[in-house]
Amino acid sequence: MSPIVPSLPPHLVQLGFDYVLAVEAGDDVQAARLAPEVEQVPGLLPAIAELIVFPVTALSDDTEPCADSLVLDEVGVIYLMAIREWAAHAPAAATPGIARTLAHFVGQVLADAPTDAVWGLQALRDEQVARARAVEWTS
């Protein structure tokens, strides 16, 4: 399965991750400063969600599918669909909620401990910004 959204330009990847980081870190000033920019780009946080969730849950081309991998793939798809619907039907209210949900996902699924969510998000941001720059340079 391939990603649902096309690749984002580096500045939007940076913006989306910086907003999620500000919300997770409890930096209300930074979150309030970034929120209007994030809200001006419909679908930005769902796209960031895909960058975080898709690599972890999607079926790999390298391995044989099994019951567990098929279930994980479907759970990831449902999770991303729910975030997209949430953002589409209540964009202003959804923005901080989606950010908290993504930080929780990182803390519970990707980080070594839930308290490492900020570190995990920073690492993901840096990786995804670099990837977006590489795509931009080759285009």
Scanning both residues in full, the closest heavy-atom pair of L8 with I48 reads CD1-CD1, 4.0 Å
So if you build clusters from Ile, Leu, Val, Met, Phe, Trp, Tyr with side-chain heavy-atom gaps below 4.5 Å, do I78 and F105 land together? no
Are L15 and L44 close enough that some pair of their side-chain heavy atoms sits under 4.5 Å apart? yes
With clusters defined by side-chain heavy atoms of hydrophobic residues (ILVMFWY) lying less than 4.5 Å apart, directly or transitively, does L72 cluster with V77? no
Non-hydrogen atoms of F17 and L51 that approach each other most closely: CE1-CD1, 4.3 Å
Taking C-beta and beyond as the side chain, do V129 and D126 meet within less than 4.5 Å on heavy atoms? no
Can you give each donor-acceptor pair under 3.5 Å made by side-chain atoms of residues 85-97, sequence neighbours left out, with the distance rounded to 0.1 Å?
{"unit_1": "E85", "atom_1": "OE1", "unit_2": "H89", "atom_2": "NE2", "d": "2.8"}
{"unit_1": "T95", "atom_1": "OG1", "unit_2": "P91", "atom_2": "O", "d": "2.9"}

Taking salt bridge (charged side-chain N to carboxylate O under 4.0 Å, His left out) as the test, write out the residues that go with R131, two or more places apart. E127
Are Q14 and Q128 packed together at the side-chain level, in the sense that at least one heavy-atom pair is separated by less than 4.5 angstrom? no
Is it the case that atom CG in D28 sees more than 12 heavy atoms from other parts of the structure closer than 6.0 Å? no
Does a side-chain heavy-atom distance below 4.5 Å link I98 with I83? yes
Do V109 and V71 belong to the same hydrophobic cluster, where Ile, Leu, Val, Met, Phe, Trp and Tyr are linked whenever their side-chain heavy atoms lie under 4.5 Å apart, directly or via other members? no
Y79 side chain near T101 side chain, heavy-atom distance below 4.5 Å: yes
Side chains of I52 and L110: does their closest heavy-atom pair fall under 4.5 Å? yes
Distance-only side-chain donor-acceptor flag, R33 / Q30, under 3.5 Å: yes
Are R125 and D18 side-chain neighbours, meaning at least one heavy-atom pair lies under 4.5 Å? yes
Determine whether E50 and R84 satisfy the following criterion, side-chain contact (heavy atoms from CB on, under 4.5 Å), listing intermediate values before the conclusion. CA-CA 10 Å; E50 185 175 304; R84 288 202 171 282; 4.0 Å; yes
Do L80 and V75 belong to the same hydrophobic cluster, where Ile, Leu, Val, Met, Phe, Trp and Tyr are linked whenever their side-chain heavy atoms lie under 4.5 Å apart, directly or via other members? no
Taking side chain as C-beta onward, heavy atoms only, is W119 less than 4.5 Å from D112? no
Between L45 and G16, the two heavy atoms sitting closest are CD2-O, 4.0 Å
When you look at D73 and T57, which way does the side-chain contact (heavy atoms from CB on, under 4.5 Å) test go after all the steps? CA-CA 5 Å; D73 181 73; T57 63; 5.6 Å; no
Check A132 against P9 and note the closest heavy-atom contact, atom names and distance. CB-C, 4.3 Å
Can you tell me how far apart CD (E37) and NE2 (H11) are? Round to the nearest 0.5 Å. 9.0 Å
Can you name the nearest heavy-atom pair linking A22 to A31, along with the distance? CB-N, 3.7 Å
